[in-house]
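Have a look at the structure below before the remarks.
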Amino acid sequence: MSGYGGEFGALHSHVPPRRLLALGRHVRGFVACRRRPVCPAGRFAPRLSPPPLAAASARTGGFDSGGTPSRGGGSSDGSKPRRNYDEQTLIPVTIKMVLSALGDPSGGGDLSLLDGRPLHMVKLVVAVRSHEERSTNVFLDVEDGTGFVQVKCWVNDGDECSAQSKLRQAAMQDHTYIRVIGQVKDFDGQRQIVANDVRPIKSGNELTHHLLEVAYSHERGLKMKKETAGGVGMQYGVGSMNSGTAPPHTAGVGAGGQGYGGGMGGGNGPSDLVLRSIKEFGEAEDSGVHLDQIIQRATAEGLSEAQVRNAISHLSNEGHIYSTIDDSHYQVAE
Amino acid sequence: MSGQQADGEFTRLNAQMLREGNFDGNIVSLVGRAVSFDGVQTLELECVDGGKVQVLMQPDFSYEHGKVMEIMGAANEDKTVQQFISRDLSDDFDFNNYNQLVSKVLNNKQYNDLYYQ
């Protein structure tokens, strides 16, 4: 179940709905709809309409055609191989992080942050200093206290939904804060952000939240790197799903980090033991395992009842198990 | 913290940090509520930590009591700020959160790479 990777890594199409909803409860504003599933066969499925030119028949059909924006922009520039889902991340950054990102030494054009995380898409909250409207695109000069960069938005007059163009218009106001979601590109030797979405922020708290989230996700990234380096088994890679706003009092990981540490499948901590027991016993019974059974098994292995209860509550919060017929029966969420 | 600032770089502060630090000539940002205005040039801003700062405003400033705003400008030696730009923020702005951000996170050495050049 290597479903989750990266910051807000895309979900694989085979994630069962139960698991999705269990996690969804903890993500503020989480939209419980999946991306359009890409069936592996889809890449080779016949095109729905005949290709316009013979040359185009070399291209594969299905969802590849046209490099639609929903693909994350990766395929619109046909020369780059599409990244796997785990790498299609959306990371909160500051302008300084964007400007100091390192280019790919092999010249492949993929940037990485100073802390090592590869860049795919980024989100920022920045203030507009000035703007320039042209026929096919809009330029926004933005700053956020850490640096200055130019944001470029494409304008498709005919093809665009009016809500999106209204948001963009509203964002073109000097001395207001906006949210930008897009990709970092090097253009003419200058770093630029090509935006998929720009819109004014709805509350000043988005500014505070974003700056905190930058630090939070940075800490998270470091911690995940450390965990993988340690060679621990399955990664649930919950990302920053545990809290809508980063806790202001604790610098760094706080609640999210604590939650993450306990959730691994391959180790020997109390959570792992409890999870394994539930899995084993749960296979036979649809209604899952009774709490007493788990405690019995766990105490035989040296755990205390309190540890078991903590583990159950933690696993249940993380979405690894769920209660079935009553609060004392648990089943593993596969 | 008075050194060379990059384009678009400014230091986010609260009243205490402005008072105790040395930002002469640097561009700083203060978030707070407008509490009084002398009608000419001097705005009194109640910052996120409750402290008050005098800000010298541009002539085109129109005062609105209680407005939550961010003032970006140059810090003077006498701990006043010469305003260049104001940005409106929403009335539901959480002062405490922002105060924790500027006092504990932004200037934390651990996160220097993220926020400062």
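In what follows, chains are A, B, ... by sequence order, proteins preceding strands, each numbered from 1.
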Original post:
If you look at every heavy atom in B:Asp113 and A:Met97, which pair is closest and at what distance?
Top reply: O-CG, 4.5 Å
Original post:
Is there a side-chain contact between B:Tyr111 and A:Glu219, using heavy atoms and a 4.5 Å cut-off?
Top reply: yes
Original post:
Can you name the closest pair of heavy atoms from A:His175 and B:Ile85 and give their distance?
Top reply: CE1-CD1, 3.3 Å
**OP:** Identify the heavy atoms of B:Phe93 and A:Gly204 that sit nearest to each other, and give their distance.
**Re:** CE1-O, 3.2 Å
Subject >> Distance-only side-chain donor-acceptor flag, A:Ser203 / B:Asp92, under 3.5 Å >> reply: yes
**OP:** Measure the CG-CZ distance between A:Asp144 and B:Phe10 for me, rounded to the nearest 0.5 Å.
**Re:** 7.0 Å
**OP:** Looking only at non-hydrogen atoms, find the nearest pair between B:Arg12 and A:Leu207 and report the distance.
**Re:** NH1-CD2, 3.8 Å
**OP:** Inspect the surroundings of CD in B:Glu20 and state if more than 12 heavy atoms from other residues, nucleotides or ligands are less than 6.0 Å away.
**Re:** yes
**OP:** Tell me, out of B:Leu89, B:Asp94, B:Asp88, who's got the most heavy-atom pairs with chain A below 4.5 Å.
**Re:** B:Asp94
Original post:
Based on non-hydrogen pairs under 4.5 Å, which of A:Asp141, A:Val214, A:Val149 is most in contact with chain B?
Top reply: A:Val214
Original post:
Could you state the interatomic distance from OH (A:Tyr177) to CD (B:Glu70), rounded to the nearest 0.5 Å?
Top reply: 3.0 Å
Subject >> B:Ser90 side, atom OG; A:Lys202 side, atom NZ - distance, nearest 0.5 Å >> reply: 12.0 Å
Original post:
B:Arg87 and A:Glu143: which non-hydrogen atoms are nearest, and at how many Å?
Top reply: NH2-OE2, 3.1 Å
Subject >> Between NE2 on residue A:His218 and OH on residue B:Tyr115, distance to nearest 0.5 Å >> reply: 9.0 Å
**OP:** Give, for atom CG of B:Leu114 and atom OG1 of A:Thr94, the distance between the pair rounded to the nearest 0.5 Å.
**Re:** 6.0 Å
**OP:** With rounding to the nearest 0.5 Å, note down the distance linking CD1 in A:Ile95 to CG in B:Asp7.
**Re:** 9.5 Å
